[in-house]
Each structure stands twice: as structure tokens, then as C-alpha cells.
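Keep in mind that this is a model prediction, so the values were computed, not measured. Letters A, B, ... mirror the listed sequences (proteins, then strands); counts begin at 1.
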2 protein chains.
Amino acid sequence: MITTQQQPCVTVDLVLLTLKNDELLASLVKRDHEPLAGVWTLPGGRVHPDEDQDALGAAVRILKAKAGLTSPYLEQLHTFSGAHRDPRGWSVSIVHYALVPYASVQERGNDRLWWVPVEECRSLPFDHLSILRLAVARVRSKTLYSSLPVHLMPKTFSLSELQRVYEVLLRAPLDKRTFRRRIEELDVVERVPGLLQKDGAHRPAQQYRLKPFRAHALATADSNLALRA
Amino acid sequence: MITTQQQPCVTVDLVLLTLKNDELLASLVKRDHEPLAGVWTLPGGRVHPDEDQDALGAAVRILKAKAGLTSPYLEQLHTFSGAHRDPRGWSVSIVHYALVPYASVQERGNDRLWWVPVEECRSLPFDHLSILRLAVARVRSKTLYSSLPVHLMPKTFSLSELQRVYEVLLRAPLDKRTFRRRIEELDVVERVPGLLQKDGAHRPAQQYRLKPFRAHALATADSNLALRA
DNA sequence: TTAATAGTGTCTGTCAGACACTATGTG
DNA sequence: CACATAGTGTCTGACAGACACTATTAA
């Protein structure tokens, strides 16, 4: 493989995010090849032209292989490239980010995944720290004006729980009335008829779920365009 | 690994946009190689690992080579990839978009560039029409909340001219007072001291220019994050 | 009853839109 | 002067934030 050097190596890396105990977590895997075998990095892998339709397809495949997840919210983030990001030479990483409910992470308990609070990630190999930071920034930014965080929720949830998730992502308290008005306008969740959550000495909460047609949003491009147009 | 063929071809394509006579124009070039030699497409080319630092560097090089332009607003748009977008096989295009003042297009008059009103682009080879549409949508979207369109303006301009550009991009009339309040808040342009534009039987207009530190914005990532944080 | 959280009614300050007004040039 | 465009003052309706209030459960 002397000429492979001429053509850049094309990979897909993933930033897999979930929320547990009011903390945003990212998943890392242990590298099994050199260079840096045994070091924790973002999950990723080469594109397989023979089996992947496109980069999104590769992301789906890698997500399935490394995390056992099949249909979370998945969107292209940015493409990182250059001569110096990987010691093996000029490389391209088409980075995608995914949001997963912590419940589905637990279901498919996967020892090879390590979930780290994003705030505690201070160093990662290659350019993976910048990648992680960009993904987190993107999610926080979209949280300001979209319903993106619903993809971090379990199948059903209360509006108070959803508000808590927004507050964690935005690192600021939100007003209950304002929050509920916004969510209603966004029109992405619906009441689960008759389902209440009783969990303590207080009024039970109406349960909500993602509206069906939004449930498997695989955004291939800037889906926020529609929101503001 | 027998597999140089297996490695996808990595290219950078450009959506070069300018504004002339109240119309948004995109630039096309005539392909000089097969397949589709002689057909008009978006400018682009392979990444040159030996001379390009990264994809942005390749974009800058291609922009210089094909359009003679050196420092317009340039930003990564999206990466298009897959087995079916190019007959030669699995390919990756890291698409960037650039905004250029029509004045600088004229200076470096380049016969090989054809400027087409984006509304009139009804078909392009490969997936270039989707690419063009996404770029235009991105620019229009950012116009709603950012100062992006200033990069389409000549060195100095009046606020009325800038408003006209916003109106063309948004395809809607804007209120003068509201527009000027917004531009002032964005804090990206400054008065050119004492410079007035006299062009008719009416009060002359104060000239403005980009604030210096923003003049050469080469965004490597989502620069709109900062705007909304 | 109290405590705790769910959910609603409603006031108010802010601000975008609307638009009338003034300013300043040419002919 | 008339006319055209530049630029400003200011009113107002809509709405986000604030917060008090009611609702409903367990203990």
C-alpha cells in the first residue's frame, strides 16, 4: 500500500451523547489497533465503500457495531480533515453526532463503551477533543430554539423532566410557564392519553411522547432551516 | 490490503455566490475531463494531500485557481458522499460555500466562470443541484439572524444598499427602522468617517464598511453558535 | 391536615413592527 | 421651490418572563 498514501483515508467518527443524573455524557471506546492501541477515543471507523451507501450509512453501521443502537437522532456535524490530525497522514473524518436516551444505552449494556461526563473530558487523542466540544456546542445551541433534546428522553416523559433536561443542557434555570409555551409551539410532543406518572406524595404528571412522524428523524442536512424559515 | 480502488475519492466542491442586479448568482465552470467533459458544474477538485493543509486549504486553493479570488467569506457547508453520486464510484465531496462581492468578480474577469441566477438553475450534473440548493438555503437561513450578507457587499456601502441585499435574499420587504436597529446590534459594520455617497437628487448616504477584525472571516465551523449563545 | 410537585391565569416590561416625521442633497 | 432618498422619533400590539395561584397525589 504505497499509493494509499496519496489518497486520504476516509473515516466516520461519532459523538454519541446521552444524559444521566443531570449530566451530559459522551461515549468513548478503547482503540484496538495501533497507533494508540488501548487509548480511549471517540467511536469511529473507516468507510466501507462496498457496504455503506454513504457517510450516514457508515455512521449507522458503526453505531450498530460499537453501541448496538439502531435509530437514534443522528446528524452530520462537520468534516475534519488535514495532514496533521492523525499520525498516519492526511485523513478525513466525516463526524456525526447522535443523541440517545440513557434507557436504550442501559438495555444494550455494552462493556466496550465508556460513558464520560463531557465536562470532565480534558484531553482526547488526535483532534477528538475539538470534535467533542463542537458537538456539545452544537447541541447546546440547538437547544436554544429547537426540540432537539426530546431525543434524549425515554419513550414517555413528563414536561417537568423535559424542562430539567433543557436546564442541564443550557446550564440555566428556565421558567416553567415560558418553557411549556415554547414546547407547545414547537408541536413535537403529544400527551399519552390517560397516562399519568405517580411517583411520590404529589400530583402525578401527564406523560408525553414524541409525535410519531418525528420519532426517527435522521437529519441529512440542516434540519433547523425549516424551523426558522 | 489490495485496495486503493476501495478508498473513496476525496474532493472539495465550492458554491460560489454573489449578488448582481438584485439577483443571487452562483458560479459554474465547464468540466474539462470525462465524465461529462464540457458540462457546466460547480467548481471543485480533488484534495491534494501534498499541498493542502486541510479541506479548507483545498477550498482556498481551488477558489484561487478557478476564480482568482483570495479571501472571501468561506465556510464548510456539508459533506456529500456515497456510491451513486458520481459514476466513477464511491466519492466524498467536502462542500464549502463562499460569498463574494460582485465587484471582485468583475476585477478578475474570468471567462471560464459562468454566473447563473440560482433561481434559474433547474438541473445540474451529479448531485450538484441539491448542493447548490442547500447552500442557498443556508445563506438565506443565516440572513435571518446574522450579518452574513455583508460579505456580499463592496468595500463601502450604504445601509439602504445593505437592506436591499437582505430583501433580495429573504425575498421580502423589510422595515427600515427595524433593519437599522438589527444591524447596529450585530455590531459588524462601522461608518466610514465623513464619506458620503452622492448619487442623485436626494440626501447623500453615509457609507459603511465591515469592521476590520471581521473582514477576513474564514469560519472553520458553525460561527453562528457565538451569535446565539 | 401538610408537603410536594403538576399545571394554569395573568400582569407587565420589553421590543419589533409600523409609520410619520425630519434632514439633506439635486435640479 | 419640488422631489427623492437618508435617517430618526415614537406609538403600539404581541409576547416572554415572572410569579402567584389552583390541582392532585401520598403520607
Original post:
Any chance CD of Glu107(B) has more than 12 other-residue heavy atoms, nucleotides or ligands included, within less than 6.0 Å?
Top reply: yes

Original post:
Got more than 12 heavy atoms from elsewhere within 6.0 Å of CD, Gln106(B)?
Top reply: yes

**OP:** Mind checking the CD1-NE2 spacing from Ile131(A) to His96(A)? Nearest 0.5 Å is all I need.
**Re:**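 Here the rounded value is 12.5 Å.
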
Subject >> CG-CG distance between Leu28(A) and Leu113(A), expressed to the nearest 0.5 angstrom >> reply: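 Spacing of CG (Leu28(A)) from CG (Leu113(A)) equals 9.0 Å.
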
Where is the tightest heavy-atom contact between [X] and [Y], given as atom of each residue plus distance?
X         : Y         : answer
Gly44(B)  : Lys66(B)  : O-NZ, 3.1 Å
Val100(A) : Trp115(A) : CG2-CH2, 4.1 Å
Cys121(B) : Leu129(B) : O-CD1, 3.6 Å

Original post:
Which of residues 157-181 of chain A have a heavy atom under 4.0 Å from DNA chain C?
Top reply: Ser160(A), Lys176(A), Arg177(A), Arg180(A), Arg181(A)

**OP:** For Glu184(B) and dA16(C), give me the distance from atom CD to atom P, rounded to whole Å.
**Re:** 12 Å

Original post:
Mapping Glu185(A) and Arg191(B) to their closest nucleotides on DNA chain D, which lands nearer the 5' end?
Top reply: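 Residue closer to the 5' terminus by nearest nucleotide: Arg191(B).
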
Show every donor-acceptor pair shorter than 3.5 Å between a side-chain atom in residues 159-167 of chain B and any protein atom, with sequence neighbours excluded, or say none if there are none.
from	atom 1	to	atom 2	distance (Å)
Ser160(B)	OG	Arg180(B)	NH2	3.4
Glu161(B)	OE1	Ser158(B)	N	2.9
Glu161(B)	OE2	Gln197(B)	NE2	3.0
Gln163(B)	NE2	Glu167(B)	OE2	3.2
Gln163(B)	NE2	Leu174(B)	O	2.9
Arg164(B)	NE	Asp22(B)	OD2	3.1
Arg164(B)	NH1	Glu167(B)	OE1	3.4
Arg164(B)	NH2	Asp22(B)	OD2	3.1
Tyr166(B)	OH	Ser146(B)	O	2.8
Glu167(B)	OE2	Leu174(B)	N	2.9

Show each protein N/O and nucleotides 24-27 of chain C N/O combination with a separation under 3.5 Å, one pair to a line.
from	atom 1	to	atom 2	distance (Å)
dT24(C)	O2	Arg203(B)	N	3.0
dG25(C)	N2	Ala201(B)	O	2.3
dG25(C)	N2	His202(B)	N	3.4
dG25(C)	N3	His202(B)	N	3.2
dT26(C)	O4'	Gly200(B)	O	3.4

Subject >> First and last nucleotide of DNA chain D, 5' to 3', lying under 4.0 Å from heavy atoms of chain B >> reply: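 Contact span on the strand: dC3(D) to dT10(D).
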
**OP:** Kindly state each residue pair satisfying salt bridge (charged side-chain N to carboxylate O under 4.0 Å, His left out) with at least one member in residues 122-132 of chain A, sequence neighbours excluded.
**Re:** Arg85(A)-Asp127(A)

**OP:** Please identify each residue that fulfils ring-ring contact (aromatic ring centres under 6.0 Å, His included) with Tyr97(A), with sequence neighbours left out.
**Re:** none

